[in-house]
Amino acid sequence: MANDNNKFQAIISHCKEYGFIFQSSEIYDGLSAVYDYGQYGSELKKNIRDDWWKWMTQLHENIVGIDAAIFMHPTTWKASGHVDNFSDPMIDNKDSKKRYRVDHLIEGFADTLPEEASKALVNKMEQLLAKEDFAGLKSLIEENKIKCSVSGTCNWTDVRQFNLMFATEFGAVSGENDDNMVYLRPETAQGIFVNFLNVQKTGRMKIPFGIAQVGKAFRNEIVARQFIFRMREFEQMEMQFFIRPGTQKEWYEYWKEERMKWHLGMGIPADKYRFHDHVKLAHYADAACDIEYNFPIGFKEVEGIHSRTDFDLRNHQEYSKKKMQYFDNDLDANGKPYGNYIPYVIETSIGLDRTVMMVLSEAYEIQDLSTADKEDSRVVLKFPPKLSPIKLAILPLVKKDGLPEIARQLMDECKGSFRCFYEEKDAIGKRYRRQDAIGTPFCITIDHQTKEDGTVTVRYRDSMTQERIPMSAVKGMVEKAIAS
RNA sequence: GCGGAAGUAGCUCAAUUGGUAGAGCGAUAGCCUUCCAAGCUAUAGGUUGCGAGUUCGAGACUCGUCUUCCGCUCCA
């Protein structure tokens with residue numbers, strides 16, 4: 001594990017040194033838990049995003065994509081439950097330093113009381129919570145002598161509010177008026193739900209169908225750490241799949257399998273993954289699990305698959321007074337149309353930044369290439385070709401005798417089709433290693449023989465072997481590799 | 001948010017009880033051409049994270065602050 005932790009550190013260093021990921025605003029000491037993608041990281045991230053998008057929308061005929069705004073009407077977050085569930089009053093025990101959600105603490109204590117006293121206490125608490133009376137909550141805890149389970153003391157801090165949504169002012173005129181406040185979306189899902197009818201009607205979508213979206217979301221995490229695992233600004237790739245009520249179990253299982261296929265399609269072995277079923281379900285779910293990947297620091301969530309019932313659409317119907325129903329013309333067992341209903345939803349939601357980290361972790365390898373004569377090693381990123389930031393490096397063996405000119409011809413032929421990199425400086429071996437470090441799958445070397453017979457050397461990243469192929473075959477070879 | 005550790009060039013690390021901040025790798029330019037990093041020459045890069053304090057003198061000591069990592073906590 002210690003080694004694995006070193007590997008994680010090494011990957012972080014590598015990300016910075018080779019232009020994948022930088023800390024945001026680094027020249028000003030950085031901003032906590034905010035990161036920027038560099039020249040290769042942004043390409044990698046884009047390739048993953050594009051692959052997901054293509055797989056979800058192009059290859060699933062009944063899924064369409066949208067791109068909703070980050071700002072949404074404030075009522076959205078009341079309907080979604082985020083205003084209530086995302087800003088929990090917390091309290092700390094000064095002796096044990098343990099932090100509790102106030103409602104959890106009081107409810108836990110209430111469970112130990114006789115039924116009547118318990119109900120009375122919970123009622124009282126709920127009244128205070130509704131009024132956001134933090135002082136009252138604290139005295140409630142103190143009156144009942146509720147103790148910390150760790151320290152056994154009643155030495156509490158004041159009750160404090162932690163709002164995990166970022167708020168900002170809408171409109172140019174600032175003021176104390178709360179009406180101006182909007183939130184940066186804490187999840188992308190709601191942009192899909194509020195557009196459910198728009199897409200269903202204009203796209204003439206028939207259930208079951210899905211709406212996919214990729215975009216930024218923002219959470220004011222109390223503790224945001226572990227590199228790009230938990231950032232305050234992050235990118236989600238998610239899809240809401242609308243289904244007939246009662247069919248959620250089978251579709252939930254379907255999407256668990258289907259999403260795993262995408263993961264395995266990146267060439268990552270199955271034993272690096274596991275499903276983690278949620279025992280404690282979120283306020284909106286009737287079943288939920290995570291797809292976890294075995295990072296160098298252990299299994300961590302990459303993707304969540306949730307059976308969200310009709311929670312979201314039903315609440316939006318209630319708050320907006322707009323009917324969120326769908327008329328199902330399919331015939332049931334009695335030969336009658338299923339008729340109107342609010343669809344149930346299966347959600348697949350994957351963190352793009354975590355996926356980048358996953359792909360990097362899987363690809364990163366330090367290889368010892370030492371021989372009896374000399375020590376040698378290389379760092380190689382074994383990305384699947386379709387995800388590599390650079391697909392092809394074109395390297396004239398020497399920068400004279402007309403070799404650069406030939407290399408430039410190949411460059412012109414290929415660069416319209418995929419990302420290429422041209423370099424004529426330094427020894428050829430050094431150039432190969434530099435490409436290994438950014439995960440370029442193919443290097444083409446132009447040498448003197450090219451002038452005679454039009455063949456070039458292709459050097460493969462993973463095996464480090466090389467072979468001669470006609471220069472005219474290069475483009476096709478790369479295109480074939482990145483299509484699979 | 002609590003506790004612990006750390007922060008010196010792009011990277012890895014030096015710098016004697018407190019006495020002028022260095023090296024290797026890397027980078028850039030040129031030379032040399034040799035299909036797996038290390039041939040030659042030259043050049044650039046640091047208010048030692050930042051700000052105070054102690055001192056004749058601080059990279060080192062003290063305090064504050066920022067950032068990162070680890071443990072707890074949180075994770076709809």
Side-chain angles (χ1 to χ4, degrees), chain A residues 1-2 5-6 8-10 12-14 16-19 22-35 77 80-88 90-101 104 150 157 160 162 164-165 186-187 189 219-227 229-230 278 280-285 288 290 297 300-301 304 306 308 311 349 351 367 369 371 374-380 395-401 403 424-437 443-449 456-461 463-468:
Chain A
M1 198 64 197
N5 199 33
N6 289 344
F8 188 62
Q9 298 301 327
I12 293 172
S13 302
H14 191 85
K16 190 196 168 186
E17 193 171 355
Y18 287 92
F22 308 119
Q23 187 168 20
S24 167
S25 321
E26 196 184 5
I27 61 167
Y28 294 110
D29 280 342
L31 190 60
S32 185
V34 185
Y35 291 90
W77 307 113
S80 70
H82 284 86
V83 171
D84 290 335
N85 289 298
F86 232 62
S87 54
D88 304 315
M90 311 284 276
I91 192 165
D92 294 4
N93 184 277
K94 288 181 188 167
D95 298 316
S96 66
K97 310 294 185 194
K98 207 167 149 51
R99 168 171 298 158
Y100 297 88
R101 270 175 63 167
H104 288 179
V150 174
T157 63
R160 286 174 293 180
F162 290 86
L164 298 184
M165 285 195 287
E187 64 172 24
R219 296 182 191 179
N220 213 345
E221 301 283 359
I222 301 167
V223 178
R225 251 193 333 219
Q226 285 181 311
F227 199 43
F229 271 98
R230 183 165 310 170
H278 289 203
K280 209 183 99 193
L281 293 170
H283 60 272
Y284 55 67
D290 298 333
I297 51 173
K300 297 270 178 197
E301 175 189 353
H306 308 120
R308 291 183 80 128
F311 177 89
S349 175
Q367 293 179 338
L369 304 173
T371 59
K374 63 167 186 176
E375 282 187 21
D376 194 9
S377 69
R378 69 165 181 163
V379 173
V380 56
L395 317 168
L397 186 61
V398 295
K399 57 178 165 185
K400 61 177 186 183
D401 303 334
L403 301 189
E424 59 189 31
K425 202 178 149 43
D426 292 320
I428 192 69
K430 185 179 253 184
R431 283 181 271 170
Y432 286 157
R433 300 298 174 85
R434 271 202 284 254
Q435 294 304 312
D436 289 341
C443 293
I444 295 294
T445 302
I446 314 293
D447 59 15
H448 293 93
Q449 194 183 329
V456 296
T457 304
V458 51
R459 181 268 193 185
Y460 300 102
R461 177 194 64 197
S463 63
M464 298 176 74
T465 55
Q466 41 195 34
E467 60 182 311
R468 287 203 83 86

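No hydrogens, no waters, no symmetry mates; every other heavy atom, side chains included, goes into these values. Just so we're on the same page: letters track the sequence lines, and every chain starts at 1.
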Does any nucleotide pair with B:rC36 by Watson-Crick or G-U wobble geometry, both distances under 3.5 Å, and what is it?
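Its partner is none (no Watson-Crick or G-U wobble pair with both distances under 3.5 Å).
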
In Watson-Crick or G-U wobble terms, both distances under 3.5 Å, what is the partner of B:rA5?
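Pairing partner: B:rU68.
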
So what does [X] touch, heavy atoms closer than 4.0 Å: a base, only the sugar-phosphate, or nothing?
X: A:Q23; answer: sugar-phosphate
X: A:R431; answer: nothing
X: A:L397; answer: base
X: A:S32; answer: sugar-phosphate
X: A:A288; answer: nothing
X: A:D436; answer: nothing

Of the candidate nucleotides [options], which contains the atom at the shortest distance from the side chain of [X]?
X: A:V398; options: B:rC36, B:rA27, B:rU33; answer: B:rU33
X: A:F227; options: B:rA38, B:rG10, B:rC69; answer: B:rC69
X: A:K16; options: B:rU33, B:rC36, B:rG10; answer: B:rG10
X: A:K399; options: B:rG10, B:rC69, B:rG30; answer: B:rG30
X: A:R433; options: B:rA27, B:rC70, B:rC36; answer: B:rC36
X: A:K430; options: B:rC36, B:rC35, B:rG26; answer: B:rG26
X: A:D376; options: B:rC11, B:rC36, B:rC69; answer: B:rC36
X: A:R230; options: B:rC36, B:rC75, B:rA29; answer: B:rC75

Criterion side-chain contact (heavy atoms from CB on, under 4.5 Å) on A:E424 and A:K400, from CA distance to verdict:
CA-CA 10 Å; A:E424 59 189 31; A:K400 61 177 186 183; over 6 Å; no

Electrostatic pair A:R468-A:D447, nearest N-O below 4.0 angstrom:
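Yes.
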
Assign B:rG45 to syn or anti; the rule is syn for a glycosidic angle within 90° of 0 and anti otherwise.
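The base of B:rG45 is oriented syn (glycosidic angle within 90° of 0).
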
What distance separates A:H306 NE2 from A:D290 CG, expressed to the nearest 0.5 Å?
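The CG atom of A:D290 is 6.0 Å from NE2 of A:H306, to the nearest 0.5 Å.
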
Could you measure the distance from the CZ atom of A:R459 to the OG1 atom of A:T445? Nearest 0.5 Å is fine.
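If we round to the nearest 0.5 Å, A:R459:CZ and A:T445:OG1 are 9.0 Å apart.
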
Parallel, tilted or perpendicular: which one describes the rings of A:F8 and A:F229, with boundaries at 30° and 60°?
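Tilted, since the angle between the ring planes falls between 30° and 60°.
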
